[in-house]
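So you know, we letter chains A, B, ... as the sequences are listed, proteins then strands, and number each from 1.
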Amino acid sequence: MSMVDEPLYPIAVLIDELKNDDIQLRLNSIRRLSIIARALGEERTRKELIPFLSENNDDDDEVLLAMAEELGVFIPYVGGVEHAHVLLPPLETLSSVEETCVREKAVDSLCRIGSQMRENDLVDHFIPLAKRLSAGEWFTARVSACGIFHIAYPSASDMVKTELRSIYSQLCQDDMPMVRRAAATNLGKFAATIESAHLKTDIMSMFEDLTQDDQDSVRLLAVEGCAALGKLLEPQDCVTHLLPVIVNFSQDKSWRVRYMVANQLYELCEAVGPEPTRTDLVPAYVRLLRDNEAEVRIAAAGKVTKFCRILNPELAIQHILPCVKELSSDSSQHVRSALASVIMGMAPVLGKDATIEHLLPIFLSLLKDEFPDVRLNIISKLDQVNQVIGIDLLSQSLLPAIVELAEDRHWRVRLAIIEYIPLLASQLGVGFFDDKLGALCMQWLQDKVHSIREAAANNLKRLAEEFGPEWAMQHIVPQVLEMINNPHYLYRMTILLAVSLLAPVMGSEITCSKLLPVVITASKDRVPNIKFNVAKMMQSLIPIVDQSVVEKMIRPCLVELSEDPDVDVRFFANQALQSIDNVMMSS
Amino acid sequence: MNGGDDASSSAATSGPPPSLEWRFSQVFGERTAGEEVQEVDIISAIEFDKSGDHLATGDRGGRVVLFERTDTKEHGGSRRDLEETDYAVRHPEFRYKTEFQSHEPEFDYLKSLEIEEKINKIRWCQPANGALFLLCTNDKTIKYWKVQEKKIKRISEMNIDPSKMESSSNPPPQLVANGLPADKAHGYLTKDFSFPPGGIPSLRLPVVTSQDTNLVARCRRVYAHAHDYHINSISNSSDGETFISADDLRVNLWNLEISNQSFNIVDVKPTNMEDLTEVITSAEFHPIHCNMLAYSSSKGSIRLIDMRQSALCDSHTKLFEEPEAPGSRSFFTEIIASISDIKFSKDGRYILSRDYMTLKLWDINMDSGPVASYQVHEHLRPRLCDLYENDSIFDKFECCLSGDGLRVATGSYSNLFRVFGTSPGSTEAATLEASKNPMRRQIQTPARPSRSIGSMTRVVRRGSESPGAEANGNAYDFTTKLLHMAWHPTENSIACAAANSLYMYYA
């Protein structure tokens with residue numbers, strides 16, 4: 001029992017707390033493991049700290065998770081890359097614990113360390129580790145094993161490589177579906193490290209095993225691997241090996257598998273080349289767009305644009321567009337919503353004429369959809385159409401729908417529209433905006449819902465930024481200032497908020513001449529909430545306006561407020577006064 | 001289960017397996033004479049794990065008790081022990097392992113509802129690293145428990161001796177109460193502080209001694225707020241990552257790792273609740289095919305659904321219903337048709353269902369009717385009125401199948417339970433009492449197959465013979481009912497609950 005020197009107390013405590021009963025203190029110590037390591041020095045870290053941590057494997061999951069993370073960046077503290085292998089044992093234990101997130105973190109850290117290790121160390125330490133994990137008694141170890149093969153494989157000798165491939169193929173046929181799922185998930189990564197000679201034989205046979213698994217959860221992860229494998233294989237091998245599998249998958253009995261195919265299909269088009277795409281993948285995709293399960297149609301509809309970008313426009317118009325038309329009146333609102341979120345992207349792909357002829361009617365019908373999400377998804381991507389069909393046509397056909405949404409019953413819909421107004425304004429231009437949308441923007445300031453009023457104030461600021469102070473002076477400021485006389489104090493607060501947001505944009509001169517007088521009048525309001533908001537606002541105005549103005553107009557007003565009967569008003573007034581003093585002192 | 005053609009040929013040559021002779025094995029929590037049973041101690045769920053090495057019971061007090069098998073584990077026993085087990089038939093023996101409080105009584109303030117702590121169902125999950133995992137549910141909330149041996153740590157050496165620190169006349173001033181260094185000392189912990197290259201030799205790591213272990217149960221996840229009605233079943237999928245939970249109107253699908261999200265896969269709630277005619281009473285995943293599950297209803301039907309077909313499985317793939325015998329309809333027909341429990345056989349080929357009067361065995365490839373039905377409560381038919389009056393008619397008896405599928409069992413009143421042989425030609429039908437002398441009430445006359453109805457020649461009805469004393473209908477005790485029981489997955493061993501006692505039998 002040694003007593004340590006006084007300056008070392010903090011670090012001594014930190015070390016002792018590795019075993020404290022309080023989990024928070026243990027966590028704290030583990031997070032600062034690097035400091036402990038430096039205090040012990042490299043050699044004792046290797047010989048004492050790391051073995052100590054290896055034994056500490058039945059701690060709470062939170063502590064283990066932190067430990068797995070710290071060890072991943074621990075190479076400098078054990079004496080550099082030549083000693084990196086000492087970090088493997090504690091991570092090996094962590095990669096077989098029961099909690100998934102701890103195992104995943106440990107595998108991450110193992111990969112990170114393995115990728116820095118010297119080749120002969122990998123052979124001596126990392127490859128045996130991978131083998132041990134794959135032969136683990138519990139499925140947890142075997143699951144983790146799948147995630148480190150791509151690090152172990154490249155540096156192995158030919159004989160060991162053969163062994164590793166056969167071990168991985170066993171993992172693909174493990175009794176536990178969890179292990180097979182891990183093998184399927186990591187197959188792409190592992191395949192990327194494998195020589196092309198074995199790719200076609202060993203990896204493809206593993207892939208085939210996985211695609212025929214009884215468990216849907218395994219098969220659908222195999223689909224995910226398709227795209228990764230496609231990138232590794234030559235196009236003709238893709239066509240002979242992958243294409244039949246994916247076409248089969250697209251007609252799988254399980255909708256979850258078809259769902260995955262719908263999500264992945266476009267990635268395969270490039271791998272197989274244009275001709276097989278036309279003959280096999282387009283029909284498969286069309287089937288998925290017309291699937292009888294809504295979830296599959298949602299996934300397929302969400303990829304419509306990506307898929308069309310790969311195809312030539314003719315094929316898209318001929319095969320995909322009819323399906324898109326059907327989907328726009330699908331019975332499931334989620335399908336329509338998914339379609340609406342991507343359909344605008346098809347405009348540049350199809351070109352102006354086809355867009356006007358085929359897409360515009362679909363846009364319009366989606367804009368009138370009874371489900372707000374569908375309408376919003378269309379509005380949010382309007383700019384893409386604008387570029388293709390031009391503003392006149394767009395405004396003619398779309399504006400009524402937008403105005404309708406701006407007055408929607410659901411405040412969330414109104415909120416979403418407000419957020420798009422600056423974007424619309426920039427696309428549509430000043431003239432158009434003044435005509436159609438200006439009144440709406442003012443109307444929102446008096447909305448019944450606070451979030452809308454707040455967003456409306458913000459919107460004004462963004463419009464002022466977009467069109468400049470002069471325009472704002474004409475089209476925003478007078479209307480806003482008029483509303484300060486609203487009988488309800490909550491609406492007056494909105495105006496104060498709008499003023500404080502506009503002030504920085506409008507600049508010092510307009511602020512002093514137009515905005516400040518209104519604020520000062522508001523300081524005489526009978527409602528304390530208004531008054532302390534005035535105080536807060538004035539504080540924010542200090543850096544904008546001239547110092548003389550501060551002294552002449554703001555300070556007297558604040559002094560008066562600082563003697564208000566209401567405690568909150570006094571508090572904020574005093575705070576503002578204090579910040580005036582601070583500014584004075586610093587200048 | 002000799003259902004397949006290949007199996008039936010072997011059955012033809014060897015005949016049905018001989019009837020089993022059941023013996024008492026063990027009892028846990030036996031009542032002494034005159035002892036009153038505490039409501040909270042009454043067992044409300046029993047479940048063996050997949051290996052049969054562990055048994056869990058849940059009770060009305062929200063507790064879960066685990067038992068572990070003792071007879072297979074110790075190989076290094078003394079010679080005498082080995083000799084003993086040699087002539088006595090080896091049968092599973094269990095000992096108390098641990099217990100934990102899974103659920104506590106709660107109050108739902110939004111709905112002004114009390115939520116009982118009673119454990120409705122327990123299901124074992126895949127063990128890992130020697131840790132056991134269980135799902136337990138009460139009416140509303142499912143919990144995922146991990147039971148694991150933890151080392152008890154005793155720290156023998158530290159840098160700073162707490163006892164010395166207190167006695168020291170000059171305690172280090174930098175330390176605040178919780179042992180964290182005070183601000184002043186933080187300087188040493190920043191990255192700028194340079195340690196000597198060899199480290200500081202006086203610092204040492206704490207030394208931990210004592211290798212004692214104890215079992216710790218930790219709740220890993222809570223799956224809550226997904227059921228408006230009472231949860232009646234939970235069941236894990238063969239994929240090892242998902243499970244279902246069923247209440248009166250809905251079945252939800254969960255991922256074990258994700259507790260804040262579940263998917264509704266079956267919803268039988270009508271738009272107008274006045275149209276409600278049928279509720280879900282029990283649901284179970286197919287033991288092998290992760291896409292199939294079955295649920296039973298209060299109208300006596302079992303629906304098999306295929307999750308591959310669509311995301312919402314409101315339409316079933318197969319419907320198993322027994323056609324109503326003409327002219328037999330009475331006020332009680334619908335009540336007694338309600339299925340209280342269903343179980344898949346281990347190979348997934350058959351479904352066993354229990355309604356108030358019978359046990360029925362269904363072949364999932366034959367939806368015209370059950371392949372066999374076994375009378376459990378036929379002798380109670382004249383007394384349905386009384387049973388309705390005292391609510392006993394709504395008792396939910398569970399059922400179970402043996403691991404080999406050759407026998408089925410279910411509970412009854414007076415702490416009795418019945419075991420039937422299912423193989424073709426078998427006449428096995430035993431009535432046993434959950435007591436130390438299970439054969440006390442057994443009748444000697446073998447049950448004969450009763451008339452087969454109509455063209456369904458495959459249908460075998462057995463067990464209509466009622467036990468002697470009870471035939472007169474006087475000795476039945478409706479307050480002592482044996483609702484919960486489980487069959488060991490690999491051996492002929494039954495665990496059953498009589499109030500607060502757990503009885504185990506073997507054959």
Verify the distance criterion only: is there a donor paired with an acceptor across the side chains of Glu98(A) and Asn129(B) at less than 3.5 Å?
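Yes, because at least one side-chain N or O of Glu98(A) sits under 3.5 Å from a partner of the opposite role on Asn129(B).
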
For Asp214(A), give me all partners under side chain to side chain contact (heavy atoms under 4.5 Å, CB included), at least two apart in sequence or on another chain.
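By the side chain to side chain contact (heavy atoms under 4.5 Å, CB included) rule, Asp214(A) matches no residue at all.
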
Within this structure, what is the NZ-CG distance for the pair Lys150(B) and Asp58(A), rounded to the nearest 0.5 Å?
5.5 Å

Test side chain to side chain contact (heavy atoms under 4.5 Å, CB included) applied to Ile200(B) and Leu40(A), step by step:
CA-CA 6 Å; Ile200(B) 302 157; Leu40(A) 291 172; over 6 Å; no

Pick out which of Met178(A), Gln215(A), Arg181(A) makes a side-chain contact (heavy atoms from CB on, under 4.5 Å) with Glu241(B).
Arg181(A)

Smallest heavy-atom separation, Gly240(B) atom then Pro177(A) atom, equals N-CG, 4.5 Å

Considering only NZ, NE, NH1 and NH2 on the basic side and carboxylate oxygens on the acidic side, decide whether [X] and [Y] come within less than 4.0 Å.
| X | Y | answer |
| --- | --- | --- |
| Asp59(A) | Lys151(B) | no |
| Asp61(A) | Arg220(B) | yes |
| Arg218(B) | Glu99(A) | no |

Is there a donor-acceptor pair closer than 3.5 Å between any side-chain N or O of Asp16(A) and the backbone N or O of Pro206(B)?
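Not at all, since once roles are kept as given, no pair shorter than 3.5 Å links the two residues.
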
Where on Ala311(B) is there a heavy atom nearer than 4.5 Å to chain A: the side chain, the backbone, both, or neither?
both

Which bit of Ser237(B) comes within less than 4.5 Å of chain A, counting heavy atoms only: side chain, backbone, both or neither?
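No part of it gets close to chain A.
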
